[in-house]
Number of protein chains: 4
Amino acid sequence: MPEGPTAHKLTSKEQKRNRILQTAIEVFADKGYFTARMTDVAHAAHVADGTLYLYFDGKEDLLMTIFDQTLSQFIERLEHEMRSLDDPVDKLRVMVRLHLETLGRNRSLAHVLQIETRHTRKFMSQLTRGKFGKYLGLVRTIIEEGQATGRFKSSISAGLATNVVFGAVDEIIMSWLLAEDPSDLLRYLDPLMDVLIEGLAPCETTPQIEVD
Amino acid sequence: MPEGPTAHKLTSKEQKRNRILQTAIEVFADKGYFTARMTDVAHAAHVADGTLYLYFDGKEDLLMTIFDQTLSQFIERLEHEMRSLDDPVDKLRVMVRLHLETLGRNRSLAHVLQIETRHTRKFMSQLTRGKFGKYLGLVRTIIEEGQATGRFKSSISAGLATNVVFGAVDEIIMSWLLAEDPSDLLRYLDPLMDVLIEGLAPCETTPQIEVD
Amino acid sequence: MPEGPTAHKLTSKEQKRNRILQTAIEVFADKGYFTARMTDVAHAAHVADGTLYLYFDGKEDLLMTIFDQTLSQFIERLEHEMRSLDDPVDKLRVMVRLHLETLGRNRSLAHVLQIETRHTRKFMSQLTRGKFGKYLGLVRTIIEEGQATGRFKSSISAGLATNVVFGAVDEIIMSWLLAEDPSDLLRYLDPLMDVLIEGLAPCETTPQIEVD
Amino acid sequence: MPEGPTAHKLTSKEQKRNRILQTAIEVFADKGYFTARMTDVAHAAHVADGTLYLYFDGKEDLLMTIFDQTLSQFIERLEHEMRSLDDPVDKLRVMVRLHLETLGRNRSLAHVLQIETRHTRKFMSQLTRGKFGKYLGLVRTIIEEGQATGRFKSSISAGLATNVVFGAVDEIIMSWLLAEDPSDLLRYLDPLMDVLIEGLAPCETTPQIEVD
DNA sequence: GATGAATGAGTCTTCATTCAT
DNA sequence: AATGAATGAAGACTCATTCAT
């Protein structure tokens, strides 16, 4: 009965912790982090108010854990899936697909991440910003690889390209969240990649600038 | 120094209102809307707490006014500048330039808009979402024009293209805000437009898909 | 140009003071003393907020003046009208008539007096309670006179009888105030006096009806 | 010592609620509803400010509960005691006795009811006015019964008679409250009833209502 | 005298957190 | 471990009063 920290059977304690966390995601998504009350989370999770503090250090820890855990898992999976790939274009595609997939699968999580991410990015200390920065760093690395190998144009800075890529994905998700239509987020993958690849493509072959 | 089309002699009352509003922008930018206290705004504006309520209906009104006023002026100016232009590419460039310019000029305003915009987009009903939606609608219209005239590819939906454009601009600003380097935001205009134009360009001439 | 304190031509200042006072009566009647704001009074009187303080010492003074002035005038008039009367029954009748008349003529005044009187009776210092006590003292005196001359029964204390008389009048006014029907308050004079006189009349042995 | 018809073992929660309520009665009695602060109530009840809100919806709810609960219990008890009586005079006597008894037993309650009742009667819509109106309706019913059976004169309206009865009782309590002498309120029962009965009695000489 | 913008002390209420059971 | 009643610090907002114009 393997019960180590990476064991697949979750202890009942871990299960409860996860249940609370998922509930918090839903409540935060519904009301917004600041507006939501700890009592709301406790009620929704069918536990007493005090119980939350047996599993988390407080409201902020709840939010931070959501960020941290989600990003950690995401990055871990991302690195795993990219390991077998060489082409930066392929890597970028995997990255975008995983991003859309992860949030497309859990709309509440997407809400929390999209809405509260900016507060967090700006105000929270390094932990989460670090995790988030790590993700952006991965995007940037791919871009730089692409630029080094000639798959992406070098006329723009890698940082800018990173912003374009991340911003585009981010806004597509935002738009998807605000729409009533809960259509599959992945349907945007191909056309989005099309635009991004074209936008980042080196331009020698195509003298596109002579737009009269 | 010719002032804008709406230049007036501001009454002393209007001046004070504007001073409070600008102070609120700075305080909200510094602490975040939810964390900032009305007392902070009052202190920073060198007025008594109660005075705030002579000019605004409350904390929320303060935030909403920031959004509403900024977006209104922005849209007005945007429509004014675009009136003389025909080419969708030119229009898009003006739009992006104005966006970068407006926020690049007032870093605190940029903070508030970037950080609090999402709460607002999601939770506030029509007023701001309406104004914001109007801006996004303008972007979309330009895209559609470009698609109709063959300047932009029609293989992707106008909505998606809108998201890519807005998301890219938005994230560049976000990145600029979080950087210590307060370099000129407008320096990103040309390379950004380069990527966007390429990304949205119709693809007939360039068989770009054969990425083996 | 006689301008002494008892002059009949009111100075413009006195007129304004009275106008404010009457307005305050109406506002207090409408909203209740505690709920009404000084600003409400000022607006209704078409003067600036600060102007109120040129004529009165503050909110409480406004209320106290309403009580004091009304009661003073009432008592003065009462004493004047009673001067020519001998029979305690007649005096009582005049007293009740004057009470109903005074409040029946100014419904707002009646509201304020009825509603706020108790707070005032209990909490305010001697001035008003004194004035009010003086009125009750007059009622009591009449009762005692009546008891001394055999017109009223002596089997109950004068204090109790005073309470019965005042309480009856008071509640009739209260009931009149809360009714939608603004019928003439004086219509209750005769039947009320009938009950009171019978109730206070000396008992068995005395065929009390042959009042000359 | 048999308790009332509604005697229960009170839960500790109900006990605390009652303790807070009784404390509120005392504080409101002492300072007046508008002047009293919630903090005063909390301190006096030896609980934290926030605790008040675990048992009541707010300040107004506290006052309303005082009214509602007191009147409900009073009316219930009144109806219970009157059930075995036939003679309107007896009923009236029970009613007056119960009224004097109830308030005579809890001077603070009497204060609150006497002082704040009028604000409430005028401003609060149905709840309290309804309960209060029900009590007045009971008085009126007794009067009407008495008039129908010839025990009371029919020359005055039942409404007027109700006012006289209620007003007299009410004012006696008021007078008792303002006196330093905390003598037994019930001592006034007999002489008061004497006056009321006489005042309401049909005139002997004129058997105007030949009710069988 | 009149104004009304400004003041800031005061109050109700909320809610994250604690701890006795 | 779990509970949930209790806590009390904190904050948005009000409004009687003042005073510079």
Rounded to the nearest Å, what distance is computed from the [atom1] atom of residue [X] to the [atom2] atom of nucleotide [N]?
{"X": "D/F56", "N": "E/dC12", "atom1": "CZ", "atom2": "P", "answer": "16 Å"}
{"X": "A/K31", "N": "E/dA16", "atom1": "NZ", "atom2": "C1'", "answer": "15 Å"}
{"X": "C/L62", "N": "F/dC15", "atom1": "CG", "atom2": "C1'", "answer": "15 Å"}
{"X": "C/F34", "N": "E/dG10", "atom1": "CZ", "atom2": "P", "answer": "17 Å"}
{"X": "D/Y53", "N": "E/dT11", "atom1": "OH", "atom2": "C1'", "answer": "9 Å"}
{"X": "A/Q15", "N": "F/dA1", "atom1": "CD", "atom2": "P", "answer": "15 Å"}
{"X": "C/E14", "N": "E/dG1", "atom1": "CD", "atom2": "C1'", "answer": "16 Å"}
{"X": "A/D57", "N": "E/dT18", "atom1": "CG", "atom2": "C1'", "answer": "14 Å"}

Non-hydrogen atoms of A/A29 and A/S108 that approach each other most closely: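 It is CB-O, 3.4 Å.
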
Residue pair B/G58 / B/M38: nearest heavy atoms and the distance that separates them: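 Nearest pair, atom of B/G58 first, then B/M38: C-CE, 3.9 Å.
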
Under 4.5 Å between any side-chain heavy atoms of [X] and [Y], yes or no?
{"X": "B/L54", "Y": "B/K13", "answer": "no"}
{"X": "B/L62", "Y": "B/Y33", "answer": "no"}
{"X": "C/K131", "Y": "C/D68", "answer": "yes"}

Heavy-atom protein contacts under 4.0 Å, nucleotides 5-11 of chain F, coded B base, S sugar-phosphate only, - none: SBBB--S

With B/R37 via salt bridge (Lys or Arg N to Asp or Glu O under 4.0 Å) - residues at least two apart: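 Salt bridge (Lys or Arg N to Asp or Glu O under 4.0 Å) check on B/R37 returns B/D40.
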
D/R118 side-chain N/O to C/E116 backbone N/O, donor-acceptor pair under 3.5 Å: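 Here the side-chain-to-backbone pair does not exist.
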
Bracket notation of DNA chain F in which parentheses pair within the strand, [ ] cross earlier pairs, and | pairs with another strand (Watson-Crick or G-U, under 3.5 Å): .||||||||||||||||||||

Rounded distance [0.5 Å steps], CG in A/D30 versus NE2 in A/H111: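 Spacing of CG (A/D30) from NE2 (A/H111) equals 8.5 Å.
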
Aromatic ring proximity D/F34/D/H119, centre distance under 6.0 Å: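 So the answer is yes for these two rings.
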
